[in-house]
Amino acid sequence: MKANYKFSNLCGTVYRQGNIIFTPDGNSVLSPVGNRISVFDLVNNKSRTLPAENRKNIAVVALSPDGNILISVDEDGRALLVNFRRGVVLHHVNFKKPVKAIQFAPDGKYVAVSHGPHVQVWKTPNHLLREFAPFTLHRTYTGHHDDVVSIQWTSDSSCFISTSRDMTARLYTLNPVEGFRPKTFTGHKDVLLNAFVSSDGQHVYTISRDGAVFTWKSKDADNLDEDSQDEGSSTGPSDHENTFANTRWGIHSRHYFNQERIRVTSAVWHSPSNLLIVGFSSGVFGLWEMPSFINIHTLSISQEKISSIAINPSGEWLAFGATKLGQLLVWEWQSESYILKQQGHYFDMNTLSYSSDGQYIATGGDDGKVKVWNSSSGFCFITFTEHSSSVTCVEFAKHGQVLFSCSLDGTVRAFDLIRYRNFRIFTSPSPVQFTALAVDPSGEVVAAGSSDSFEVYMWSVQTGKLLEILTGHEGPISSLAFSPTGNLIASSSWDKTVRLWSVFGRSHSVEPFQLNSDVLSLTFRPDGKELAASTLDGQITFWNISEGRQTGVIEGRKDISGGRKADDRITAANNSSGKSFSSLAYTADGTCLIAGGNSKYVILYDVREAVMVKKFQISENLSLEGTQEFLDNRMVTEAGPLAAIDSRGDESDLEDREDKTLPGASRGDLSVRRYRQEARVKSIRISPTGRSWAATTTEGLLIYSIDDTLMFDPFELDVDLTPQALLKVLHQKDFLRALIMGFRLNEKALVQRVYESIPKTDVPLLARQVPLVYLPELLRHMALRLERSPHVEYDLLWINALLLGHGRYLRDKSIDFATVFRAIQKGLSDLHQAIGINCDENMSALSYLLDQGGLRFNFRS
């Protein structure tokens, strides 16, 4: 079992806070999600999350005009300089104050950063050079009396305008200009959110939070005669620069949005088309054409305030982010259609499940929603909202497109993933809350365990009738699982027992296993011969099912312990809370077990040796509780740790100070004043293909996949085996020997070169002659090519030849090859779906052309 899993993607969270931006080509959107940045490719319909992590939640991001350098700044002012195309962190820099705005100059040579009431301009670092201190301060600009909230450059990068909470805007020049004094724009009665310069440089627009838009124009513009205009048209660029800087600006017109008790929350300017896009606290946005202030488009897209707005360079797409709902929208305003509409779970994710081919991931949350995600694209394509309370467990049926979910509302629901509807509802005779769910391998029986009656209920999926009620537990049911062979069901409970029920046999026997502590989770090995259960004391216990005896124990308390909360009185090493595994999952081959719990760690164990193979840290975000090993004494005051003090009541804005929660609507102990989230894993599953695993965490759905990019794993390597020797053999057209040499070197590029050099007529013979020891690698290579290669027929020919030539061996070793088979099945299903979509589009285009040809023929006749 390979353990080289690497962070791959973050789903389930599309936007948290901060500003969203478009890439220079306008095809992708960058959205801050916690302390990471997700990139949504709107053209190819894919999403990816950059591996770079900030220390805390990201406050602002900026991308250079050439798309090479990305700067992300967290809440404390610590920034990362990232090579955007490679996703590699180049440098760390501390601006030493919270940053509200950061903006690259249009020429990309400078970057302006807000620094409290000041503005600092830095020279843009070179992403190709390795420097000790790449950030060089150009100048610091003063003049504001309160925090700067936005910075906007002019098109020639010679000047910039900053707005502040002191209700003024100031115009600065990048380099000193003789006789220049910074211009101040005053007259607003609320915080100035933004200031923009028109494309011709004749107008300046300032927008305040109370909905006032002022248009500023040169005071001397009306007094200029034609001669002076002709002289001005022949001046050089430096004269034009000085002209704009030395212009005497005056208010030309005042406009108001006139929306009562609704404030402006964000605004963006599209210079080529003179469009002003404004978002309001009511979830409404509008487009206005300036300077005439004509409303072109208005739409309500959310029930909460719009936190951030971005527009792509062509002016066609608008991106919106709503912090409270965690919503990200991309709207094409001319055709009035959504390009992207994604929203994560409103509250925590509780559970997840992989489909049988590993193509889809289903999640359930405290908001009562069940969402299904595409594991390759990272997008949610369907949301079921039928549950009225928290969803505690979801499970896919092993065969067919059916998804089951159970909830605290007392129902178990079955969803059809073809028609996207809830086709069956299972309930108990008396109302209970369901906390565990299991589906029979045949998909005909579903079972659910309750937390208040301590019983397990079983229903028929086809009829919806209650088949049986299993009683015997004396505590809440924590987990359920059907044996992969289908003849047993295992249940675990807080009564310190695991019970095996033979529900389909004549005897209906029950075999209890007694443990030393409350049982939190259990899982079967894929072959159904072994059972693993985790308990509250941090142990993982293993049983042999056929013999009914305990085979091993893993002591995991020290492995999972780690992370100290801000209000903990004892160290992380001595803290007993969180030192247990709440979720377990076997790998596809059954040799390893992956486990997670109320901790920042996910542990991979070798079952046979009972040793830890690898430890994964799910987050390094210091904005979450439990990510630090040691607390800083300098951050402790007389009132307690600074991080534990709720300072939201000291906010300057009334909306941020108000507590709008309803009485009784909060969860947990109402006497505890805690609003910081805690880093933990609620559920963990391994993909049936074995190439990835996913975990529902505080930050969202984390997906880790096997990293094949930098792996060098030679097999039977000797001195004579070199890339040059392989190319020589390939030149002699000894394809089988060259292919085996490529697998022994384990160089992906060489294997692909040999593979694509083999003639189509030689494929059946070579497939039969491939040694069995290299068969798994060749099939795994086929599965990867199905996802990326354009040579579809050639790849299908190879797969068909391998299955025909080695069918009996593959059938006998089906368990060992299970992950490879599932990967091939996933690739084939993706390919089938893509070809089907392409054929449908081609059929529509051909029918349209035939209809048009018939009309033209009739017209001519």
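Computed from a predicted structure; not experimentally measured.
Other residues, nucleotides and ligands contribute more than 12 heavy atoms inside 6.0 Å of the CD atom of Gln732. For Gln852, the CD atom sits in a packed shell: over 12 heavy atoms of surrounding residues, nucleotides or ligands are nearer than 6.0 Å. In Lys728, the NZ atom is not crowded: 12 or fewer heavy atoms of neighbouring residues, nucleotides or ligands sit closer than 6.0 Å.
Residues Pro759 and Phe735 approach most closely at CD-CE1, 3.5 Å, considering heavy atoms. Pairing each heavy atom of Ser375 with each of Tyr360, the nearest pair is OG-N, 4.3 Å. Across all non-hydrogen atoms, the minimal contact from Trp373 to Gly12 is CH2-CA, 3.2 Å. The shortest heavy-atom contact between Gly378 and Asn9 is CA-ND2, 4.0 Å.
Rounded to the nearest 0.5 angstrom, Ile545 CD1 and Leu531 CG are separated by 4.5 Å. The CG atom of Leu352 lies 4.0 Å from the OG atom of Ser683; values are rounded to the nearest 0.5 Å. Atoms CZ and CG, on Phe821 and Leu803 in that order, are 7.0 Å from each other to the nearest 0.5 Å. Taken from OG1 in Thr696 to CD1 in Ile361, the straight-line distance is 10.5 Å, to the nearest 0.5 Å. If you take NZ on Lys614 and SG on Cys592, they are separated by 12.0 Å, rounding to the nearest 0.5 Å. Of the inter-residue distances, the one linking Gln342 atom CD with Ser47 atom OG reads 8.0 Å to the nearest 0.5 angstrom.
Using bins of under 30°, 30° to 60° and over 60° for the plane-to-plane angle, the ring pair Tyr420/Phe384 lands in the tilted bin.
No side-chain heavy atom of Thr485 sits less than 4.5 Å from a side-chain heavy atom of Phe524. Using a 4.5 Å cut-off on side-chain heavy atoms (C-beta onward), Ser583 and Val681 make no contact.
Remark: side-chain polar atoms of Ser8 are not paired, donor with acceptor, to backbone N or O of Ser705 under 3.5 angstrom. Side-chain N or O atoms of Lys371 include one that pairs as donor or acceptor with a backbone N or O of Gln343 at under 3.5 Å.
Ring centers of Trp317 and Phe22: at least 6.0 Å apart, outside the cut-off.
With sequence neighbours excluded, the residues that form a ring pair (Phe, Tyr, Trp, His ring centres under 6.0 Å) with Tyr704 are Phe7, Phe616, Trp693.
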Open item on the list: Please determine whether side chain to side chain contact (heavy atoms under 4.5 Å, CB included) holds for the pair Ser521 and Phe581, giving the CA-CA distance in whole Å, both sets of side-chain angles, and the decisive distance to 0.1 Å.
Closed with: CA-CA 8 Å; Ser521 178; Phe581 300 103; over 6 Å; no

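Residues in residues 394-405 take part in these side chain to side chain donor-acceptor pair (under 3.5 Å) pairs, two or more places apart or across chains: His387-Ser405.
Glu756 has a carboxylate O that lies under 4.0 Å from a charged side-chain N of Arg785, or vice versa, which qualifies the two as a salt bridge.
Cation-pi geometry between Arg48 and Phe84 is met: the NZ or CZ atom falls under 6.0 Å from the ring centre, inside 45° of the normal.
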